[in-house]
Every structure is written in structure tokens, then in C-alpha cells.
Amino acid sequence: MAEPKPFYITTPIYYVNDAPHIGHAYTTLACDVLARFKRLDGYKVKFLTGTDEHGQKVEKAAADAGVPPQEFVDKVSANFRHLAEVMGFTNTDFIRTTDPDHNKAVEELWRVLKEKDEIYLGNYAGWYSVRDEAFYGEGELTDGEGGKKLAPTGAEVEWVEEPSYFFRLSNWRERLLEHYEKHPDFVQPQSRMNEVKSFVKGEGEGALRDLSVSRTSFKWGVPVPDDPDHVMYVWIDALTNYLTATGYPDMEGAEFKAFWPADLHMVGKDILRFHTVYWPAFLMAAGIEVPKRVFAHGWWTNEGEKISKSIGNVIDPFELIETYSLDPVRFFLLREVPFGKDGDFSHGALIGRMNSELANDLGNLAQRALSMIHKNCDAKMPEHGEFTDADNNLLDTAANLITMLRAEMDNQAFHDALEAIWVVIRMANKYVDDQAPWALKKTDPPRMATVLYTLAETIRHIAILLQPFMPGSMAQMLDQLAVPEDARDFAHLGVDHALKPGTPLPKPEGVFPRFVEEEGEERAK
Ligand code: ME8
């Protein structure tokens with residue numbers, strides 16, 4: 001058998017001081033769904049997530065909590081592992097930037113850049129936002145209350161003047177533009193690529209400036225090799241995590257050879273510039289291959305309002321799962337909003353999708369078909385006769401779904417992938433109504449058996465394909481069809497692996513109950 005093809009996907013590593021919120025759950029969920037999809041499609045997947053534990057922001061948070069930074073990060077990093085467990089994420093790696101291996105990797109990258117004269121010592125004088133851990137040009141700022149200056153993200157900036165090492169980013173302008181030209185899919189969606197190109201070309205904000213990559217006014221970071229008065233800028237430290245996880249600096253190792261360059265960095269739109277300008281420039285300068293693709297997703301608002309700690313409307317993923325259970329939440333987040341666009345979270349919309357698409361469309365389809373089989377076919381997979389055009393039409397459409405889904409998933413068009421599956425679900429529901437197997441029970445039992453078999457085989461396809469989105473519920477559905485666990489990957493789609501007539505089936509139970517809101521229920525906002 002051929003070696004499985006490697007696929008390496010990453011989430012951003014999350015600032016460890018924040019409590020996990022819907023933004024974290026969303027980015028990692030998208031990666032998890034794609035990772036599961038690729039695994040079912042025969043790939044060997046490396047899926048990395050973790051926590052970003054250095055920098056001024058974390059140092060401040062530890063000081064506020066009155067504990068040494070290391071003790072603080074050890075404690076709060078566990079919150080993100082917990083999120084991964086509760087959300088059912090199948091990450092293969094969890095990195096912490098305070099891991100000794102990671103420090104080694106960052107130091108090595110720094111040394112290489114220094115040796116190649118890509119880093120030099122100078123003085124920084126400019127605006128810095130601790131919340132964003134980012135430098136801003138004067139032209140990007142707006143005036144806030146009380147004479148404060150604000151970054152485009154709304155975060156306050158402060159004036160910083162200190163000795164600093166700089167990375168010669170300005171030297172990489174042409175090479176970056178060339179890279180974007182040669183690899184038009186490097187940044188997706190396309191609108192984000194345009195944004196990045198315009199920034200690198202220097203439209204709007206002036207020329208691409210060298211980047212300050214060290215700080216001297218605080219201590220919580222990786223010390224600069226041979227100059228420990230400086231700690232590295234948290235972003236050079238953080239971005240390198242993607243390399244550390246592949247064994248860098250050992251570039252001859254099996255892990256690095258198999259998985260670098262990464263196939264996909266999934267990020268939120270706010271951290272686009274770091275991943276599509278600074279990161280490829282660092283890598284090119286160090287002579288390391290650039291990742292294949294960066295996808296920037298949009299942001300959620302909450303019932304129409306911007307989500308912020310100060311407004312107090314942060315959406316807690318743990319509470320959502322408690323209220324609605326896991327799979328509906330996973331489904332909703334990727335179904336509701338075209339991936340890449342901003343979207344609005346509302347409880348009403350989630351309940352609407354649960355009741356119409358999960359309970360009515362999919363749940364009912366499975367429950368109707370399986371209960372009829374249970375009652376009328378002796379609780380066994382029915383024998384089918386010759387298939388009619390209507391049967392073949394449904395069976396073929398279900399079998400062809402995988403081709404369409406591969407393309408959608410490779411474009412991170414999760415919503416389109418789900419819509420394509422729902423087209424078949426709706427088609428199957430119409431087929432039940434048209435064929436009316438309950439009437440055939442009296443007039444033509446063999447035809448009824450063929451109709452029920454056609455439905456079962458269609459549901460098998462749908463359930464296999466939906467596993468990446470709703471793993472628990474689809475496992476239940478496949479159990480009810482008595483599909484063996486080792487026959488649930490995409491190699492088992494198609495007629496060669498069709499359900500075996502005569503197989504005993506367990507008593508069916510509804511997989512997606514309707515969500516009924518209790519009167520006067522106080523919802524977590
Ligand atoms: O940026 N909707 O960490 P972070 C959707 N440590 N996504 C949201 C969101 C919202 N309302 N709010 C936040 C960092 N996010 C760095 C990354 S990687 C080398 C270093 C997303 O904890 C946001 O876009 O601030 C980002 O992808 C992640 O959640 C938060 O990351």
C-alpha cells in the first residue's frame with residue numbers, strides 16, 4: 001500500500017492569559033474538521049495547536065494575578081487543553097512557547113538570521129500596543145478618549161523608545177510580492193490577498209519598514225542569544241512554534257521532512273499580516289521553505305454587537321456546549337457563516353438550525369427510514385430488488401458528493417460542503433415522500449424494501465461524510481446502520497462497500513432531538 005500523504009495544519013497559538021472564548025473554539029474547530037476530513041480521506045495528519053506564553057501582556061497578567069509568570073502560565077495553559085477536550089479536537093500536538101524545545105528552535109532561527117545579517121541592532125521609537133503585541137505606524141492610529149491613541153483594532157497604543165534589534169523586512173518587499181504572484185493561493189480568501197499585497201507594496205501606510213524584533217523594557221521572553229538584556233519580540237517567538245513542532249532545527253529529521261512546509265496555517269483576520277508578511281519574510285531570510293497556504297477567517301459578533309471583555313458579552317464555548325451539546329455547536333459555527341466572512345452569533349439562529357436542519361431534515365430522515373426498516377423488515381437491512389431511475393438518481397448523487405466535498409474542503413469552504421450535503425438530505429426527504437414506502441408496505445413489499453435500502457445506503461454516505469463535523473452523532477447513526485468501525489472512512493464510500501442485506505440492526509433512536517427552550521430561560525450571553 002502507498003504511504004499516506006502527509007498533511008500539516010496549524011491553529012494560531014492562543015494568548016494564554018485569556019479565558020478560552022468562541023474565537024479560539026472557532027479557529028481550532030475549522031482545523032479539526034479539516035484534519036478529520038483528511039484523515040478519513042487517507043492522509044497522515046499533523047494538527048498543531050497550543051499556547052502563546054511570553055510577552056509583555058502575559059507578564060502583566062501574571063503580575064496582576066500576583067504570581068511568577070511561569071507559575072501563571074502553567075496554570076492557565078490547562079484551560080486550552082480543556083477546551084480541546086471538550087470540543088472533541090483531534091490535535092496531534094499541543095505546544096507551549098515556554099517548552100525548552102521551543103526556546104531552542106527560536107534561538108536557532110535568531111542565530112541563522114543574525115549570521116545572515118538579516119538582524120541588526122538599532123533603536124526603536126514608535127507606537128506599541130501591548131494588547132495586540134504589535135507595532136503601529138503613526139498613519140494607522142486614530143484618536144481615542146482622553147487624548148489616547150488607538151490602533152486600528154481599537155487597542156490603546158503607547159510610545160516606546162528603547163534599544164532594539166531589527167529584522168531587515170524592507171529588503172524582502174520584492175521577494176514577498178514575487179511569492180504572492182507565483183502562489184496566488186498563498187493567502188485566502190482572495191480579498192485578504194489583496195489587502196496583504198497592498199500593505200507590502202506600501203499603498204496607504206508608506207513603505208515596508210524594518211521590524212523591531214526585540215524588547216528591553218521587560219523580561220518575560222526568550223533572551224536574545226549573546227545579548228540577554230533583550231528578549232525576543234513575542235511574534236518571532238510565537239510564529240516559530242510551527243517549526244518547533246516539526247523538530248526544527250533538525251531539518252534532516254523525519255518529522256521535518258514529512259511535514260514542512262505546513263499545508264495550512266489557519267488564522268483569524270486580525271493576525272493576517274504576521275502570518276503572510278513577517279513570517280514568510282523570516283523564513284525566506286533564513287533559507288527555509290514558506291508554508292503553502294494561510295487562510296484568514298472572519299470574526300463573530302454576539303447578537304449584533306462586537307464581542308469584548310469590557311462589554312462583557314464574550315461567548316463561552318463551555319456554556320454553549322452545556323446548553324446545546326457538542327455536535328450542534330460544531331455544526332452551527334461552520335454552517336451559519338460562509339467561512340472567511342464575519343458572522344453574527346445568536347441563540348435564536350443556533351436553535352433554528354438545530355431544529356430545522358438537524359432535527360427536521362437529517363434527524364427525521366434517519367429516524368423515519370430506520371424505524372420503518374425496524375418495524376417492517378424484521379430489524380434487518382432489507383434485500384433490494386432492481387433499482388429504478390429514482391433510486392439510482394439518489395444513490396449516484398450521494399456517491400458523487402465526495403468529489404465535490406474534496407474541492408470545497410481544500411478551499412476551506414465548510415459552509416458550501418455542508419450545503420452540498422444538505423442538498424442530498426433534502427433530496428432524500430423528497431424521495432421518501434414521493435415513494436411513500438408506508439403505502440408500498442401493503443401494495444408491493446419488495447419495492448418497499450428497495451426504497452428503504454436506497455434510503456439506508458444514502459444515509460450511510462451522508463453519515464460518513466458528516467463525521468468530521470459531528471463525530472459523535474454520526475458515529476451513533478453509523479452504529480444504527482451497523483456499519484463496522486473500520487468501514488467508515490472515505491475509501492468505503494461507493495457501491496463496492498454498500499450495506500449488506502440481512503445484517504441485523506439495533507433499535508433506532510433519534511440522534512437529533514428538537515431543542516425546546518424553557519419558558520423564561522435565562523441564557524448565557
Ligand atoms: O493572536 N471571532 O492569539 P489570540 C472569531 N497569540 N475569531 C476570533 C474572535 C472572534 N470574535 N476573537 C478572536 C494570537 N478570534 C496570537 C497568535 S500565532 C503564531 C500567535 C480569533 O489568543 C483571532 O482571530 O489573540 C485569533 O485567530 C484567535 O482567535 C485569538 O488568538
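Each ligand, and each atom within it, is numbered from 1 in the order the structure gives.
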What atoms of ligand 1 come closer than 4.0 angstrom to any heavy atom of [X]?
X: H21; answer: 12 (N), 13 (C)
X: P12; answer: 17 (C), 18 (S), 27 (O)
X: G298; answer: 5 (C)
X: A238; answer: 19 (C)

Heavy atom of the protein closest to [atom] (residue, atom name, distance):
atom: atom 16 (C) of ligand 1; result: I13 O, 3.4 Å
atom: atom 8 (C) of ligand 1; result: G23 CA, 3.3 Å
atom: atom 1 (O) of ligand 1; result: I271 CG2, 3.5 Å
atom: atom 14 (C) of ligand 1; result: Y15 CE1, 3.4 Å
atom: atom 28 (C) of ligand 1; result: Y14 CE2, 3.7 Å
atom: atom 19 (C) of ligand 1; result: Y242 OH, 3.5 Å
atom: atom 27 (O) of ligand 1; result: G268 N, 3.1 Å
atom: atom 23 (C) of ligand 1; result: D270 OD1, 3.3 Å

* **I288 CD1 to W260 CH2 distance, which is reported to the nearest 0.5 Å** => 8.0 Å

Is [X] salt-bridged to [Y], cutoff N-O under 4.0 Å?
X: D226; Y: R111; result: no
X: R168; Y: D210; result: no
X: E138; Y: K149; result: yes
X: R330; Y: D32; result: yes

* **Six-ring centre of F7, K38 cation under 6.0 angstrom, axis tolerance 45°** => yes

* **Within 45° cone and under 6.0 Å: R335 NZ/CZ vs F469 ring** => no

* Please work out whether any backbone atom (N, CA, C, O) or any side-chain heavy atom from C-beta onward of E133 is under 4.0 Å from ligand 1, and answer side chain, backbone, both or neither. => neither

* To do: Would you kindly specify which portion of F274 sits under 4.0 Å from ligand 1, judged on non-hydrogen atoms: side chain, backbone, both or neither?
  => neither

* Examine ligand 1 and decide if any of its atoms is less than 4.0 Å from a heavy atom belonging to H297. => yes

* Asked: Parallel, tilted or perpendicular: which describes the rings of W422 and F331, with under 30° parallel and over 60° perpendicular?
  -> tilted

* salt bridge (Lys or Arg N to Asp or Glu O under 4.0 Å), paired with R215, selected from E133, E162, E59 -> E162

* Asked: Do side-chain atoms of K46 reach the backbone of A245 as a donor and acceptor pair under 3.5 angstrom?
  -> yes

Heteroatom distance test ([X], ligand 1): nitrogen or oxygen, under 3.5 angstrom:
X: K269; result: no
X: W300; result: yes
X: H275; result: no

